[in-house]
Enquirer: 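The following block contains the structure, expressed as structure tokens.
No experiment lies behind these values; they were computed from the predicted model shown. Whatever order the structure lists them in is the order used to number ligands and atoms, beginning at 1.
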Amino acid sequence: MILTVPVPLLLLYFFVFLSSSPSLGGTHMASAAHSRRMLSDDGSKRYAVVFDAGSTGSRVHVFCFDGSLNLLPVGDDIELFKSIKPGLSSYASNPEAGANSLKSLLEAAESVVPTALRSKAPIKLGATAGLRLLGSNTSEAILDAVRDLLSKSSFKYKADWVTILSGSDEGSYLWVTLNFLLGNLKSKYPNTVGVVDLGGGSVQMAYAISEKAAKKSPKTKDGNSYVKELSLQGTKYYLYVYSYLNYGLMAARAEILKAIGGLGNPCILHGYKGLYTYSGTVYNVSASHSGSSFTKCWRGALKALKIDESCKYKKCTFGGVWNGGGGAGQKNLLVASYFYDRAAQVGLIDSEQPSAKVKPEAYMKAAKHVCKLSLKAANQTYTSVAESDLPYLCMDLVYQYTLLKDGFDLDLDQHITLVSRLKYKNHMVEAAWPLGSAIDAVSSMSASSSSLSSL
Ligand SMILES: *[C@@H]1O[C@H](CO)[C@@H](O)[C@H](O)[C@H]1NC(C)=O
Ligand SMILES: *[C@@H]1O[C@H](CO)[C@@H](O)[C@H](O)[C@H]1NC(C)=O
Ligand SMILES: *[C@@H]1O[C@H](CO)[C@@H](O)[C@H](O)[C@H]1NC(C)=O
């Protein structure tokens, strides 16, 4: 009795004392505790500033992460986002003016990052299609002017953080973005999702494979690795990633026109005659007298994809490219960019939905339907399709179907998820590479370089 009674009493005493101490201690003590908590919160906060230098404009994203790499709000939103037009590629003759065009974006970024945290916040710029097409001398001059500007900022700067992104960088970062937003990055590779990103110039496929498969992975024709090693929050991933240059949607149109001829082309909607320009080359285009045909257009798409090109690996996708071996990391595929856009435009999915499940079969059905229409009928039916895209609507859908089914060898009734944005907490976040680039930068802050490296 003597021994057991005082213990609960002591606990009770402590409980009462501890739970009431802030009010007993008065406002001074409470505010000291509060500011101590603020300090430690701020201390684990990490910001990253990512410029996306696209062909039509430049954008800045500022993200903020806590110590466990969760996204924290920046101002009222989940990120700071600001954009300007035109893009850096419009400044070929005046690189300094190009760099200066970013000043307002840089100031906006500075305004949301506390002064004390800026020197630890990486600042990066990734240039995509527009600058890639300018040629290396011109684009390097522009990037050098940008380096000059960013190196003078108060953020953590490295010259090699200002670069032209390769298609496979874009694909890798998008993989990181999507898996991060889905909360997959703490689990092993079989729980991650694969990504297909159909841009205008290129299409990317990225998915995680096992370490064992990675060590045995072959090299590309140019001797590059198909696999990138990625270290995020202490978990290592081996990413199979390949960017098919000239197989983005706008580029593929040109490939199909080259493969089967532009005049009397069976992919062009009945009633159209005009010119198609891609990457400086002009093609004469006209519909066939009998109008477009799903089957004939599909044969053209197969030819453009070089589906029969010899394969020196166990299995290829198309054009003699290794397919990565498949596996659990590719089982669930998220499909982005033009796949989403066209699906929304022809009503395969509701454009209000930020993501939706479909089957490759749906593209086939949509293509079969659209290819029967004349240009005029399509114009009346699909009012959200830009007029310049309209003659190519059958071609685009046939190409998307052929790419999924024959190129990437998906089953017609396999579910894929079309995605433009994903929900993160109460915010919608764009399915795009900048967030992945920010995550890569903050995860590798202690390391000397990017965590993303070729195997
Ligand atoms: C690029 O610059 C190098 C040297 O600075 C020059 O030799 C080369 O001809 C230039 N190339 C183009 C395409 O202008
Ligand atoms: C394309 O059409 C234009 C007239 O619109 C013609 O002058 C040109 O020769 C044609 N080019 C080809 C390759 O047929
Ligand atoms: C499409 O429809 C719009 C108005 O509805 C019209 O102005 C335009 O000329 C049409 N385009 C074609 C290619 O039929």
Side-chain angles (χ1 to χ4, degrees), residues 54-57 85-86 129-130 133 198-201 203 246-305 336-354 356 358 362-404 418 420:
S55 50
T56 57
K85 284 182 178 178
L133 292 174
L198 180 62
V203 57
N246 298 328
Y247 290 100
L249 193 62
M250 298 302 131
R253 288 181 185 171
E255 293 301 316
I256 294 173
L257 296 173
K258 279 191 274 182
I260 56 172
L263 298 174
N265 186 295
C267 303
I268 302 296
L269 293 190
H270 188 256
Y272 181 74
K273 187 175 186 301
L275 301 173
Y276 182 69
T277 306
Y278 181 75
S279 188
T281 307
V282 182
Y283 303 84
N284 282 352
V285 174
S286 68
S288 138
H289 293 300
S290 52
S292 41
S293 145
F294 172 84
T295 309
K296 286 180 188 162
C297 183
W298 172 65
R299 287 200 198 105
L302 286 178
K303 199 170 169 195
L305 282 179
S337 304
Y338 275 119
F339 275 115
Y340 179 94
D341 298 347
R342 288 290 179 272
Q345 286 166 336
V346 300
L348 278 186
I349 56 168
D350 178 354
S351 58
E352 300 292 307
Q353 283 177 285
V358 300
Y363 285 95
M364 179 185 78
K365 287 183 179 158
K368 282 185 173 169
H369 179 76
V370 168
C371 294
K372 284 189 191 127
L373 301 179
S374 66
L375 179 64
K376 208 171 154 197
N379 188 34
Q380 278 156 10
T381 313
Y382 301 112
T383 48
S384 65
V385 178
E387 225 178 306
S388 57
D389 288 327
L390 212 50
Y392 303 94
L393 197 56
C394 161
M395 184 187 277
D396 289 355
L397 290 164
V398 167
Y399 176 66
Q400 293 182 329
Y401 158 73
T402 312
L403 185 59
L404 293 175
L418 299 181
S420 71

Enquirer: It should be assessed whether the SG atoms of Cys297 and Cys371 lie less than 2.5 angstrom apart.
Expert: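 No - the two cysteines, Cys297 and Cys371, have SG atoms at least 2.5 Å from each other.
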Enquirer: Sort out the contact shell of ligand 3: every protein residue with a heavy-atom distance below 4.0 Å, listed by chain and number.
Expert: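 Lining ligand 3: Leu375, Asn379, Glu387.
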Enquirer: Sort and list the pairs that fulfil ring pair (Phe, Tyr, Trp, His ring centres under 6.0 Å) and have at least one residue in residues 247-295, not counting sequence neighbours.
Expert: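 Passing the test, one end in residues 247-295: Tyr247-Phe318, Tyr276-Tyr392, Phe294-Tyr401.
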Enquirer: What's the shortest heavy-atom distance between Val358 and Ile349, and which atoms?
Expert: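 That closest heavy-atom pairing would be CG1-CG2, 3.6 Å.
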Enquirer: Hey, does the side chain of Lys303 reach the backbone of Ala259 with a donor-acceptor pair shorter than 3.5 angstrom?
Expert: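 Such a contact is found between Lys303 side chain and Ala259 backbone.
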Enquirer: What residue pairs, at least two apart or across chains, pass salt bridge (charged side-chain N to carboxylate O under 4.0 Å, His left out) with a residue in residues 254-267?
Expert: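 Listed once each, the pairs are Glu255-Lys258.
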Enquirer: Please name all residues satisfying ring pair (Phe, Tyr, Trp, His ring centres under 6.0 Å) with Tyr340, sequence neighbours left out, ordered by chain then number.
Expert: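 Checked Tyr340 against ring pair (Phe, Tyr, Trp, His ring centres under 6.0 Å); zero matches.
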